[in-house]
Each structure stands twice: as C-alpha cells, then as structure tokens.
2 protein chains.
Amino acid sequence: MLDVRRLRLLHEFAARGSIAATAAALGYTPSAVSQQLTTLEAEAGVALLERSARRASLTDAGQTLAAHARVVLDAIEAAEADLAVGGEPAGSLVVGMIPTASPLFAPALAGLRRRYPGLELVVRQIESARAEAALRQREIDVAVIDLWRERAMPGLTSVRLRRDPLVLAFPAGHPGRRVDGEVLLCAPADQPSRAATDELLGAAKPAARWEFEGLHTIATLVSQGIGVAVLPESALAEVDPATVTMRPFRPARHRWIEAVVRVSARRRPAVDAVLEMLTESHRRGGDEF
Amino acid sequence: MLDVRRLRLLHEFAARGSIAATAAALGYTPSAVSQQLTTLEAEAGVALLERSARRASLTDAGQTLAAHARVVLDAIEAAEADLAVGGEPAGSLVVGMIPTASPLFAPALAGLRRRYPGLELVVRQIESARAEAALRQREIDVAVIDLWRERAMPGLTSVRLRRDPLVLAFPAGHPGRRVDGEVLLCAPADQPSRAATDELLGAAKPAARWEFEGLHTIATLVSQGIGVAVLPESALAEVDPATVTMRPFRPARHRWIEAVVRVSARRRPAVDAVLEMLTESHRRGGDEF
DNA sequence: GGAAATTACGGAGCGCGTAAAGATA
DNA sequence: TATCTTTACGCGCTCCGTAATTTCC
C-alpha cells in the first residue's frame, strides 16, 4: 500500500516545485525528503520526478499521483474533522484574508482567540486569486475573499458574508458627475476589479487611466483628489468620508465577500466557530443581503 | 495526521468484529493489532472501542471513523490503480463467483493465468448476498454474481455479462405442462431465486414445496425426476439435457449475471483484463443481450 | 479451561538528521 | 561560488512478535 506520509511529501512538492522548499515547508531536511520521494518512486514502480543536480520536477505520472494524493489527504482531513465534532474549537487554523476585509472581520476573529485558549488562530493577508490554490495546498484553512462574479470551486465550499456595492468615487466637492475628462484610477489589467471597472465605464472617455495595485491605495488617492475610481463601498470605509463623494450605479453592481473552506475541513469545530463568527460580525455590520 | 495503516486495522476490525480475527485476516498477531488500535485511539482523542477482557466492539465514534477509513483506503487504491494503468496485469486478484457462473467463466479466467505470469488469480465461491460486503472489505476484487432485480451499489460498478433466462424445468418425458399437483423444488425463503419462483408461480397449487440450497442441487433433483422447478438456463447446463424438459416463460423472465468491482479498483490492469475476459467469454457463449 | 484481550519486553527495520560530495546556473 | 540535489552513515524511534497475565464464557 502506498505510504501516505510520502504521498504528503509528493503533494507538497507539487505545490512548491523543489525538494528544498518542500522540506522547509514541512519541517524536514532536504535529505529526508529526497530519500522518501525516492522510496515512493520505488513503491509506485514509475518515475515520479525528473531529477537534475540542480532541480527536480514532476513527471506526468508524478502529477497524477499528486492529484490522487490530494484526494487521500482530503479524506483523512475529513475523518479528523469528524472526530473533533462536538468538541471545543482547537488546534491551528490559518485564515487568509483580502486587505479590504481585514477591518470588517479581524476584530471578530480576535475575540475568538480570547474565547478559545486551545485555538491557535493566525490571520494572513492573501490575494483572492491565490486563495483557491492556497486552500488546496493547506497553506490556509479559511479564505475570506472577494468574488466579482460567480465561480465554481470544486472541493471547496463558501459562505456569503457581505454584499459589497460598487460605487463611483469622486473627490469631495467634485463638480462633475461624469468620468469623461477625469483621471481614472484603476487596478492592473489582470485584476477582477479592473474588469468590473472596464465593464461599468466602457463608454466613458477619461483623460487618462492610471493603474495602481490595491483597492485601498486607490481609495486613498481618490480621497486626495487625484482622480476618480470604481470602488466597493468597503474599500472607502477607511478613508475620511468628508473627502469622498460616492455615486451608486443603476442598476446596482456589487462584489461578494465570501468565506471559503475545504469541504473536508468544514466540520472542524475551529472552522465552524470561525465561519459563525464571520457571519455574525456581518450581521452586526448591518448590511443585509 | 491519522495513521492510515492503523485506519486499515480499524476498518478491518469493523468488518471482522474481533481483534483476533482482524489480526488473522491481515497477518498480524492480536497483540500488534491491540497495540495499534490503542495508539489510534490516542491519536483520535476519542474512545473507538468498548473493551472487555473477552471481546471488543466499536463505539459510535469508532464506527464513523471506520466509515471514513473506507473512503481513505478507496482513494489510495484508486491511486495505485492509476499508477498501474498501461502496465501488464499483475499482482494478487481474488474473484468471487457464484456456483452457477463457474462453468461459464472459470475456463476463461484460467487462460488469463497462463497469459500473465505476474498475475496471481484466485477464484473463490461466494453467495451473491455476501458479494457486496466482501467487495467493500477487499476480501475479493471482482464479484461475478446474479442479480434478480435492479439494485444500487454505491461505490461499486458492474458490467452485465449474461442475460440468463428463467425456465420452468420438468423431468424429461413429463406429461403435464402444469405445476399443479407436482412437487415444486425451490430455494429457502431468504433467497432471491425463491422470490422469483413465488412471483412466477403465485397462482399454482403444487402438491408440496421442498426447499433445497443451491440451484445446481435443484437442477440435479429435477433431472432425477423428483419434481419441477423454476431455474435459470445456466443452472441446467450441467445436467444431462435428455433428462430435463424446459419451458420458457411468457413474457420472458431472466436474471442477470454481472461482474461487480470497486470503482477504486476499476483502473487496475489486472481488473481490466479480468472484466474483458469475462465479457469476451460471454460473446463466445453466444448469448445476446 | 479455553478463547480473547492486554501488558511487558526485546529485536529489527526504517525514518530522519548530520556530513560530505556532485552538479549546474 | 552558491544553491539544489543526492549519497553515506548512524542514531533513535516505532512497529511487531514472543511470552506472560487477566478476564469472562
């Protein structure tokens, strides 16, 4: 029978791309990882790695086996989660969160840490685009991300936390109600928020498009009078409301803030507590669906 | 992370019901099994076994964990099967077969043994009713069974091998074409063939009903002039055709002979070769669907 | 008393770290 | 040269068998 600990190494290798990184991620020496992967190849009876002195990479067989490994690890995680059902939230749990969600939800999670001493909760920043892979790789257990349009995520399950309306943001006291002739601040081309901007303002003729990374950065620039932008309301919550004028779209457009977890982790009490706290803090926030 | 080898012990224990039997089945001593299950309980953090000096049984948590174990083991088996895809059929493979199917398919399987020296093929007899559990417990890898009516078998997949028409069998030269007043030979009440007999001859008034185990036994009794019976054609193939008269039903009734395997084992070359050989020998048999 | 479970103890195997060497950018 | 990988070697842990003990039919 294939050894599952070795499958875990392969799975991690598939994500990291090098033996050294795999070893570092799992707390082993490269030597141990190298030896175990060699043994796994012997068990499998097929070459799993293409090795050179300087780097190793997966063969096709290695990739398919790594995919199987994920299924196996998911099944084990589901078993562990089921064992813990009914118990106190405990163990280590990493929450990945987009920057604009932090002010909304981080305080609630801080309260969770206080309530459950057995819970080691870490909140990290993450991009929405990387969240799916990070969840699958078990780098994080819960992802709080924004979704700009519907998307299927097999093996993952999500809870809607907040509908976040998009608005056109002007510097306060700005005379015009039109984008034409203004400086339009927007995200780089690969960002989903950029796609939304382009779609909503497709007909407009701004004087220029300036690209910046980060909705918070763009919000700050608007508040400083640099230009106008399409932004979700929550990104404007952090700047002085007196400095910005918001105009909603008709029909209304929005992004969703969602919490995403692996289905196999869903039953962990710790995950459950986090999800409950996240939805609860939404209710306190007063936004309705 | 839960240790999968220990999960395998738990899974086997769930099927066997005792530590001694589990140890015997997997080639360990009871001592080893006892120790490993104790360790598994420590890992799980929950009581999995209710122990007395004389016997041990699963707690609720133990049962649910055993169910999870099956999922994990299936995933590993699927990974192994995928690794072997494209290779020569090899390894150990146990085929469970109902008695009436043996003369139809056993010769073909014998040929398979000759063709693939790496294949250790064992054919065992099995009752249809036990086949599903035996497959799940990995006692057998392929089951050749009869199906008297449609039945869902989650986690398993089946291939239809042969439509086996039911006939009314009389001793040769028997004058009457009616069951009334004859001795009706049939299976005990819990057998599916008995249900078919009762359904087909519900209105008849036999002089007596004599119960015997095994369709082949019943076929032999008919050929010896003891009585009449509802039988599948294949059960009559082994007795001297001169001694039996067959009358088909209208509308035609039949049972299916099917090969059933775990989906997780489906891709093993050895399983594939066996299934192919089984369907092929059906074609040679000349029966059409 | 016998069958089934557990505990004690010891040996063998193997997983992993240390150290060193090879290879490539 | 620095980094990534592999090999050699040895320590220590863990698994499992033997044997003895306990408990309940």
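Below, chain A is the first sequence line, B the second, and so on; all start at residue 1.
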Nucleotide by nucleotide, nucleotides 20-25 of chain C touches protein heavy atoms under 4.0 Å in the pattern (B base, S sugar-phosphate only, - none) --BSB-

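For the side-chain contact (heavy atoms from CB on, under 4.5 Å) with B/Arg8, the qualifying choice from B/Leu73, B/Ile76, B/Val72 is B/Leu73, the only one to do so. Checked options A/Arg266, A/Arg268, A/Arg136, A/Arg262; the residue passing with A/Glu77 is A/Arg262 (criterion: salt bridge (charged side-chain N to carboxylate O under 4.0 Å, His left out)).
Heavy-atom contacts from other residues, nucleotides or ligands closer than 6.0 Å to CZ of A/Arg267 number 12 or fewer.
At least one donor-acceptor pair closer than 3.5 Å links the side chain of B/Glu41 to the backbone N or O of B/Leu48. B/Glu43 places a side-chain N or O within donor-acceptor distance of the main-chain N or O of B/Asp3, the cut-off being under 3.5 Å. A/Ser158 contributes no side-chain N or O that, together with a main-chain N or O of A/Glu258, makes up a donor-acceptor pair within less than 3.5 Å. When atom types are taken as modelled, the side chain of A/Ser34 and the backbone of A/Pro30 share no donor-acceptor pair closer than 3.5 angstrom. Distance alone, capped at 3.5 Å, is enough to place a donor-acceptor pair between the B/Asp141 side chain and the B/Val94 backbone.
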Mind running salt bridge (charged side-chain N to carboxylate O under 4.0 Å, His left out) on A/Asp198 and A/Arg194 for me, showing each step along the way? CA-CA 6 Å; A/Asp198 290 349; A/Arg194 171 61 177 273; 3.1 Å; yes

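Backbone-only contact: A/Ser18 has heavy atoms under 4.0 Å from sugar-phosphate atoms and none from a base. Within the 4.0 angstrom heavy-atom criterion, only backbone atoms of the sugar-phosphate kind lie near A/Gly27; the bases stay farther away.
In this structure, CG of B/Leu9 is placed 13 Å from P of C/dA5, rounded to the nearest angstrom. Between the P atom of C/dA5 and the CG atom of B/Leu58 lies a distance of 12 Å, rounded to the nearest Å. To the nearest angstrom, C1' of C/dG15 lies 15 Å from CG of A/Leu26. A straight line from OH of A/Tyr28 to P of C/dT18 spans 14 Å, rounded to a whole angstrom. The interatomic distance linking A/Asp3 (CG) with D/dC15 (P) rounds to 12 Å, in whole Å.
Within residues 34-50 of chain A, the residues approaching DNA chain C are A/Gln35, A/Gln36, by heavy-atom distance under 4.0 Å.
Summary of the strand contacts: B/Ala20 and A/Pro30 both lie near DNA chain C, and taking for each the nucleotide with the nearest heavy atom, the more 5' one is attributed to B/Ala20.
Distances were taken from every side-chain heavy atom of B/Arg5 (C-beta onward) to each of D/dT18, D/dC15, C/dA19; the shortest belongs to D/dC15.
At a cut-off of 3.5 angstrom, the base of C/dT18 holds no donor-acceptor pair with the side chain of A/Thr29.
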